[in-house]
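Numbers restart at 1 for each chain; the letters A, B, ... are given by sequence-line order, proteins then strands.
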Amino acid sequence: MSNTTTDHAEQVEEQDLGAAGSQLSTTPKEELANVPAMGVVGWARWFWRQLTSMRVALLLLLLLALGAIPGSLIPQSGTDETKVADFRDRHEVLAPIYDKLGLFNVYSSVWFSAVYILLFVSLIGCIVPRTWQFVGQLRGRPPGAPKRLNRLPAYTTWRTEAEPEQVREAALALLKKRRFRAHVAGDAVAAEKGYLREVGNLAFHIALIVMLVAFAWGQLFKMEGNKLIVEGGGFSNTLTQYDDFKPGTLFGTDDLTPFSFNLKEFTGTYETSGPNKGTPRTYQADLTYSEGAYGEDRRTVVKVNKPLEIDGTKVYLTAHGYAPVITVRDGKGKVVFSDAVPLLPLDSNVTSSGVIKVYDGYKNAKGVSEQLAFQAAFLPTYAAGNEVSSSFPALINPVLNLEPYHGDLGVNAGIPQNVYQLNKKHMKGFKDSKGKQMRENLRPGETMQLPNGAGSVTYEDTKEWANFQITRQPASGWALAGSVAAILGLAGSLFIQRRRVWVRAVQGADGVTVVEMAGLGRSESAKVPEELGDLAGTLYEEGAPGAPDPAEDPDPTDPAAPAEGAEK
Amino acid sequence: MTLAAATNESLANLSNTLIYSAMAVYTLAFFAYIAEWLFGSRSKVGRTAAALTATRTKGAAAPAVTVRKAGGTAVLERPQVVVRATSGSRDVPDGPGAHGGDEQGDLYGRIAVSLTVLAFLIAFGGVLSRALSVQRAPWGNMYEFNITFSTVAVGVYLTLLALKKNVRWLGLFLTTTVLLDLGLAVTVLYTASDQLVPALHSYWLYIHVSTAILCGAVFYVGAVSTLLYLFRDSYENKLAGGGRPGRFASSVLERLPAAASLDKFSYRVNAAVFPLWTFTIIAGAIWAGDAWGRYWGWDPKETWSFITWVAYACYLHARATAGWKGRKAAYLALLAFGCWLFNYYGVNIFVSGKHSYADVGLGALQAVGF
Ligand code: HEM
């Protein structure tokens, strides 16, 4: 087919279909980049039209995808502050540039926000007119039949003895029964079905807006904090009780839900044999909690994927470890420290480490005030031959290794210290008889004597600790509702075909009625001709039985096209 | 307990044996598909060229319905539906398939499909015994993910075949990919089944990962047909422009479905699975909400799922935008599939995040492929 004929054919087709093919969707027409009329208003209108065109929506979508990439490759301060710090240390030239470009917090950067805000403005600018247009389409009626039905993607024709009037009536009844919106326009019945597709599409795009707003709301008013609690300890929801606290921009401390809870017991059980030996089976924390300031105590169990929810605030169990109970005595036998000290787990068998710090109350053998510290390594299951790491995560054969130090912990300087690390700058190790750093393995109940009457340290017992993440993310219900609506709308939009059917019945030259039927879908689909065939079959059977064909071609208007359809 | 350990051990070994056997059978299927293509090259079809130089519009018949005339039993001819291509698209018949109408080629093609079915069943057994040996879903690490993924991809292909879709031409490409995927799995990614795994007691995770795998398999089918569409489309363009494509290109491309059919097929496949992909991401978010206390945190895996989603949304939009139909949209579809692939391999290998290692104290999130 040469180009000129194709073009010609298309032109003819466009004219032929005219209104019939129009508005089969509410997709905006692509307008060519016509030069806007002068003046601010002209430009504004031009800009608006560009912004709400499908082409720009596509471009913005692409930009959104592109813009999301750097955030996945460069450490983000929102997710991992330490990695960002690490990156800054290693890239002295790049880091300031990245800072300027907002690459350490891409998803809240100006440029990323600009892209999605523009996209959503475009989306709203697209939805509103489309909705009106769709309402108009619902109020109106399906457009009348085009002049030449045989130009449509699916077409069929036959001759019948029934009167044209009767055929149209039968067709109207049939189409209505099949839940088409149908009416008679001139010599033909016009019908349309599948409006739910448009509803689905609009619902989907509106749901996107709901999701975005809900997400943004959640980000602004969220809060997130952590609290480590040793068995027997408790927490009440006020700012000072948190180990760390990250509020959203608009979160006020008054928004903290009043409640408190105590950790009664933490239980972890593990697979004891087989290929999954050591794999956690249960992690659970038994709590008593009370709502409000004076609520009554209630019991509950919090598991890994089962947070406790109190009035929109959720309490998650996020980590656990061991806290040996330590008693430290000075040379005179006076207890100067007695507490459970949480240690940090290092591996999946909960090999742990930490520091026990005795800040005040201790006097050395000479009666001088000093501070003490013990570098601690803990193995919940010690197995001979493996001195450095635990062999199993449960508390089966616990061993606590302690390295005692004395001196000045340096806290008085006012510099904040990590409770899990020991600053040895002003600390001296206790030496054993050979002059080496003292170090001893203790089992529960065992005591280590410090040299020269400096005192003793006893490993009494082991408690477990659990870390709780306390979060509040408002509007997540809306986000969920939005996503459900989005999926449903999308399914409607993609699986429902919007299509039109026309049935024309006219008296032929020889007085016999000629029935023509044609179908048009928004996109080319095998369903449209299939359905047309089915409708034609039914109509043929019920309302317009066939008449013998005359010798001449059944459709004199176009000798070429229906030849195959009329093949016997 | 030791008895259980022993059964687990033997199940794991059985799984390995089955995976290797499946690879062997896939290899046989691969050669059978090659034979189909080779025998098919004997026939000279040249239908495309004929259609592109002819001027008449061709039509295809619609489903036949026999109508009985009242009173009589004579079968009347019923109205038949003429189908026309919409304006702007070329009206070219589909190629005959890899066998090119050659009988021997067709025979080899059938053998290839049978072998694919056999290999699928064996691989399925392999995945199943692996799952039983570790007593959890078989996607705890990349090895397991790979064997599951390829099995599901073949499953999708066989389902399409069973639904009488014209997809046999996919066979050769599919078996090639599957062999690469499994080869990679058993050599580079192999992980003994006694690896530590998390106790992730959330059914959302199972829903999330299984739909993710299914989506990946369907996206893969879409991507292959998009790629072939691009080749076939250039071939048809060349013919329509009066050019003469090379002999190899003609022989292979001639036998594929028409560009329009391939395009339509890939669109349908991608569009059909897009809502499921949307659901997958949302299921993941729900699970993340349960597990980590936030439903969306721009973790690399989450970010790339989102990028993939937006890329497919771009593709669907492009199809609705006049200037972007056809080849441009096809490039977008390939790009989107690239994002999906990167989300799996790239993110797991190059980027670390919550999904790929344990930075949450429980160690509970270790080794989750997704
Ligand atoms: C937030 C980003 C957006 C996403 C993720 C998105 C996604 C989608 C998807 C997946 C479809 C396919 C459904 C179908 O083919 O029926 C679609 C269709 C559509 N979108 Fe969007 N869209 C977005 C923004 C926009 C914007 C800004 C506009 C308007 C300028 C728009 C206008 C349309 C139209 C008119 C259709 C229907 C096309 C048709 O009838 O086939 N969308 N959108």
Would you compute the distance between atom [atom1] of [X] and atom [atom2] of [Y] and round it to the nearest 0.5 angstrom?
X	Y	atom1	atom2	value
B/Phe342	A/Ser72	CZ	OG	6.5 Å
A/Ile69	B/Ile307	CD1	CD1	4.5 Å
A/Leu62	B/Tyr315	CG	OH	14.0 Å
B/Leu332	A/Leu61	CG	CG	10.0 Å

Of the non-hydrogen atoms in [X] and [Y], which two are nearest, and what is the gap between them?
X	Y	answer
A/Leu64	B/Phe306	CD2-CZ, 3.7 Å
A/Met54	B/His317	CE-O, 4.0 Å
A/Leu490	B/Pro275	CD2-CA, 3.8 Å
A/Leu58	B/Cys314	CD1-O, 3.2 Å
A/Ala68	B/Thr303	O-CG2, 3.4 Å

Where on [X] is there a heavy atom nearer than 4.5 Å to chain B: the side chain, the backbone, both, or neither?
X	answer
A/Gln473	side chain
A/Leu119	neither
A/Phe204	side chain
A/Ala479	side chain
A/Leu494	side chain
A/Leu539	neither
A/Ser476	both

Q: Check the angle between the aromatic planes of B/Trp298 and A/Tyr107 and answer parallel, tilted or perpendicular using the 30° and 60° thresholds.
A: parallel
Can you say whether [X] sits under 4.5 Å from chain A via the side chain, the backbone, both, or neither, judging by heavy atoms?
X	result
B/Trp309	side chain
B/Ala272	both
B/Leu276	neither
B/Leu316	side chain

